[in-house]
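What follows is a single structure, written as structure tokens, with notes after it.
Scope of the values below: all heavy atoms of this structure, side chains included, with no hydrogens, waters or symmetry mates. If you're wondering where the values come from, they're calculated on a predicted model, not measured in any experiment.
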Amino acid sequence: HYRTANGAKIDFVARIGHMVFALECKASFAPVLTKGNYLALGDIAPTHTFVVTPNDHGWPMSAEIDVVSLSELKVQLESRTGSAA
């Protein structure tokens with residue numbers, strides 16, 4: 001968990017090898033990142049960010065952020081790191 005006094009917040013930060021991933025969990029089927037999430041991403045400067053939702057299939061939110069289901073997260077992490085997540 002990453003949180004600062006200035007309101008930056010992200011649920012999980014994972015380092016796999018030399019890569020850093022930010023993971024934000026949302027219960028919404030139409031997730032929206034908050035100002036605090038974007039502040040945290042600026043601080044962390046992750047390799048990539050995943051927004052994990054209860055959707056069956058994800059989509060790109062931006063070039064550096066993907067909305068994914070929990071099962072898609074595992075596949076995405078494995079494909080980006082070349083190892084089992």
Side-chain angles (χ1 to χ4, degrees):
H1 187 76
Y2 179 85
R3 179 178 294 232
T4 66
N6 73 347
K9 178 213 163 290
I10 204 80
D11 290 330
F12 298 96
V13 179
R15 180 179 300 275
I16 302 172
H18 66 281
M19 304 173 102
V20 175
F21 297 97
L23 310 170
E24 181 66 17
C25 300
K26 299 286 188 184
S28 172
F29 287 97
V32 175
L33 295 181
T34 65
K35 178 182 177 184
N37 294 142
Y38 285 107
L39 287 172
L41 296 177
D43 291 348
I44 297 165
T47 305
H48 199 79
T49 300
F50 295 101
V51 180
V52 184
T53 70
N55 290 304
D56 291 331
H57 302 286
W59 62 90
M61 186 178 269
S62 72
E64 296 90 19
I65 303 171
D66 283 312
V67 175
V68 294
S69 68
L70 190 56
S71 60
E72 288 176 323
L73 175 63
K74 182 179 186 313
V75 171
Q76 286 280 343
L77 288 173
E78 288 173 348
S79 73
R80 289 173 188 275
T81 62
S83 64

Linking Ile, Leu, Val, Met, Phe, Trp and Tyr by side-chain heavy atoms under 4.5 Å, what else ends up with [X]?
{"X": "Val75", "answer": "none"}
{"X": "Val67", "answer": "Tyr2, Ile10, Val13, Val20, Leu33, Tyr38, Leu41, Ile44, Val51, Trp59, Met61, Ile65"}
{"X": "Val32", "answer": "none"}

Under 3.5 Å: donor-acceptor pair, side chain of [X], backbone of [Y]:
{"X": "Asn6", "Y": "Ala8", "value": "yes"}
{"X": "Asp11", "Y": "His1", "value": "no"}
{"X": "Asp43", "Y": "Ala40", "value": "no"}

* To do: Take Glu72 and Lys74 through the salt bridge (Lys or Arg N to Asp or Glu O under 4.0 Å) test and state the conclusion after the steps.
  => CA-CA 5 Å; Glu72 288 176 323; Lys74 182 179 186 313; over 6 Å; no

Is the closest side-chain heavy-atom distance between [X] and [Y] below 4.5 Å?
{"X": "Leu77", "Y": "Phe21", "result": "yes"}
{"X": "His48", "Y": "Gln76", "result": "no"}
{"X": "Leu23", "Y": "Leu73", "result": "yes"}

* **Which atom of Ala27 lies closest to which atom of Pro54, heavy atoms considered** => O-CG, 3.3 Å

* Do you know which two heavy atoms are closest between Ser28 and Pro31, and how far apart they sit? -> OG-N, 3.7 Å

* To do: Dump the intermediate steps for side-chain contact (heavy atoms from CB on, under 4.5 Å) on Met19 and Thr81, then the final yes or no.
  => CA-CA 8 Å; Met19 304 173 102; Thr81 62; 4.1 Å; yes

* In Å and rounded to the nearest 0.5 Å, what is the CD1 to CD distance from Ile16 to Glu78? -> 9.5 Å

* Stepwise, does the side-chain contact (heavy atoms from CB on, under 4.5 Å) test hold for Lys26 with Asn37? -> CA-CA 12 Å; Lys26 299 286 188 184; Asn37 294 142; 3.6 Å; yes

